[in-house]
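Right, one structure below, let's go through it.
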Amino acid sequence: MDQPASFEIPLDQIDRSLFPEGARQPGTTAFRDAVTGFFTQELQTAAEWIRIAVDDKTVRVAWLPKGGDADPLELAIAQLTAGNYPKGIQILEFLVHWRPTEPSIRYNLGMALSDLGRVDEAIVHLEIAAAEQPASANTLVALGVALYRKGLLPNAVEALERALKAEPENPYALRNLGGCLLALGRDAERAETCLRKAVSVMPSDQQGWAGLGRALEAREQLADADDAYKRAIDLNPHNRAAEAAKEGRSRIAQRTMR
């Protein structure tokens with residue numbers, strides 16, 4: 001039988017943009033009601049009961065999770081999948097205080113924060129998740145991507161190498177490692193090898209094909225690079241990866257004409 005859980009959340013971890021404009025000032029009744037209402041509404045399907053007390057510094061939570069299949073982590077992931085990142089992140093930050101050593105919560109929270117550009121916070125959660133599950137390739141890939149976005153390319157390469165050691169065929173580890181090596185301006189041959197393997201495992205990966213085009217272009221294999229760029233464009237001609245591939249084809253055309 002599930003036992004009641006209780007913990008505190010610092011007030012600065014509450015996303016006030018989730019509340020009505022007149023309910024964002026801490027210390028007011030409207031703010032306390034908004035905090036209580038948000039968590040009650042979002043978690044009611046996963047909780048037998050939930051009690052929340054708000055003061056000037058913290059939100060104190062006591063609740064009894066339901067048994068069976070009801071899991072608030074699934075609620076958070078559903079919000080993220082629907083594109084509602086603020087709500088999903090707020091639920092995950094709630095959960096990380098309840099189950100601080102559960103890697104899946106840190107992993108999903110870290111990825112969401114990374115996607116929003118909050119990479120410093122993302123790296124903290126992903127490093128904890130990776131320490132809890134050092135053989136989780138997906139966690140290490142997410143950490144590598146966050147480190148890349150932070151500009152810590154050597155650290156990103158290290159994390160992605162660890163991901164490949166854990167799962168040599170992981171296409172995301174292969175693709176991102178290839179991209180990191182190209183960004184560092186070193187070992188274009190290894191980058192090509194990684195990216196070729198990535199698109200062989202996941203041939204519909206547009207970013208993988210665009211990355212392979214860059215690697216082949218860096219190695220002066222212009223005809224093959226043009227073919228890879230074209231594959232990327234054919235997969236979806238109307239997004240950022242396609243634009244990068246079109247720019248690559250334009251560079252190759254100009255060089256060929258000269």
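In this structure, E189 places its CD atom where only 12 or fewer heavy-atom neighbours from other residues, nucleotides or ligands lie under 6.0 Å away. Annotation: Y107, atom OH; neighbour count of heavy atoms from other residues, nucleotides and ligands within 6.0 Å is above 12. Within 6.0 Å of atom NZ in K246, more than 12 heavy atoms from other residues, nucleotides or ligands are found, so the atom counts as buried in its surroundings. Atom CZ of R240 is surrounded by 12 or fewer heavy atoms from other residues, nucleotides or ligands within 6.0 Å. More than 12 heavy atoms of other shown residues, nucleotides or ligands fall within 6.0 angstrom of atom CD in E220.
Ring-centre distance between F94 and F38: not below the 6.0 Å cut-off.
Contact check for E217 versus L222: side-chain heavy atoms found under the 4.5 Å cut-off. Using a 4.5 Å cut-off on side-chain heavy atoms (C-beta onward), Q79 and P86 make no contact. Side chains of P72 and W63 form a contact here, defined as non-hydrogen atoms less than 4.5 Å apart. Two residues are said to be in side-chain contact when any heavy atoms from C-beta on lie closer than 4.5 Å; L109 and L113 meet this criterion. Counting heavy atoms from C-beta on, the side chains of I9 and T58 never come closer than 4.5 Å. No side-chain heavy atom of H97 sits under 4.5 Å from any side-chain heavy atom of E8. Two residues are said to be in side-chain contact when any heavy atoms from C-beta on lie closer than 4.5 Å; L182 and L195 meet this criterion. A heavy-atom distance below 4.5 Å is found between the side chains of L92 and L73.
Between the side chain of T36 and the backbone N or O of D33 there is no donor-acceptor pair closer than 3.5 Å. Q133 places no side-chain N or O within 3.5 Å of a backbone atom of T139 that could act as its donor or acceptor partner. Checked by atom type and distance alone, the side chain of T81 pairs as donor or acceptor with a backbone atom of I77 at under 3.5 Å. For the pair N176 (side chain) and Y172 (backbone), a donor-acceptor distance under 3.5 Å is present. Of the possible polar contacts, one joining the S200 side chain to the K197 backbone as a donor-acceptor pair under 3.5 Å is found. Side-chain N or O atoms of R175 include none that pairs as donor or acceptor with a backbone N or O of Q207 at under 3.5 Å.
When all heavy atoms of A225 and I252 are compared, the closest pair comes out as CB-CD1, 3.7 Å.
Hydrophobic cluster membership differs between M202 and Y229, with clusters built from Ile, Leu, Val, Met, Phe, Trp and Tyr side chains linked at under 4.5 angstrom. Linking ILVMFWY side-chain heavy atoms closer than 4.5 Å, directly or via other members, places L153 and L147 in two distinct hydrophobic clusters. In the hydrophobic cluster analysis, where Ile, Leu, Val, Met, Phe, Trp and Tyr join through side-chain heavy atoms closer than 4.5 angstrom, L174 is grouped together with V141.
Interatomic distance, CG of L43 versus CG of L95, reported as 7.0 Å (0.5 Å rounding). Atoms CD1 and CD1, on I128 and I105 in that order, are 12.0 Å from each other to the nearest 0.5 Å. Note that the CE atom of M111 and the CG atom of L126 stand 8.0 Å from one another [nearest 0.5 Å]. From L116, atom CG reaches atom CD of E121 across 9.5 Å, with rounding to the nearest 0.5 Å.
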- Let me see the working for R118 and E93 under salt bridge (Lys or Arg N to Asp or Glu O under 4.0 Å), right down to the final yes or no. CA-CA 14 Å; R118 294 165 59 180; E93 288 180 335; 3.7 Å; yes

- Task: Could you check D226 against K230 for salt bridge (Lys or Arg N to Asp or Glu O under 4.0 Å), going step by step and ending with a plain yes or no?
- Result: CA-CA 6 Å; D226 191 65; K230 189 174 184 302; over 6 Å; no

- Task: Show the numbers, then the answer: is there a side-chain hydrogen bond (donor to acceptor under 3.5 Å, both in side chains) between S114 and R149?
- Result: CA-CA 8 Å; S114 178; R149 288 169 172 168; 2.6 Å; yes

- Task: Please step through salt bridge (Lys or Arg N to Asp or Glu O under 4.0 Å) for the pair D224 and R219, ending with a clear verdict.
- Result: CA-CA 10 Å; D224 289 343; R219 299 196 66 209; over 6 Å; no

- Which is it for E161 and R190 under the salt bridge (Lys or Arg N to Asp or Glu O under 4.0 Å) test, yes or no, and what are the steps along the way? CA-CA 12 Å; E161 293 279 19; R190 172 92 192 283; 2.9 Å; yes

- Task: Please assess D234 against Q206 for the test side-chain hydrogen bond (donor to acceptor under 3.5 Å, both in side chains), listing each intermediate value before the final yes or no.
- Result: CA-CA 9 Å; D234 288 344; Q206 184 183 31; over 6 Å; no

- Message: E42 vs Q90, test: side-chain hydrogen bond (donor to acceptor under 3.5 Å, both in side chains). Steps then yes/no.
- Response: CA-CA 10 Å; E42 294 302 322; Q90 187 65 85; over 6 Å; no

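At a cut-off of 3.5 Å, with distance as the only test, a side-chain donor of D115 or Y85 sits close to an acceptor on the other residue. Side-chain contact check for D15 and S17: at least one donor-acceptor pair (N or O, by modelled atom type) lies under 3.5 Å. Counting only N and O atoms by type, the side chains of T193 and R196 include no donor and acceptor under 3.5 Å apart.
No salt bridge links R106 with E102; every basic N to acidic carboxylate O contact stays at or beyond 4.0 Å.
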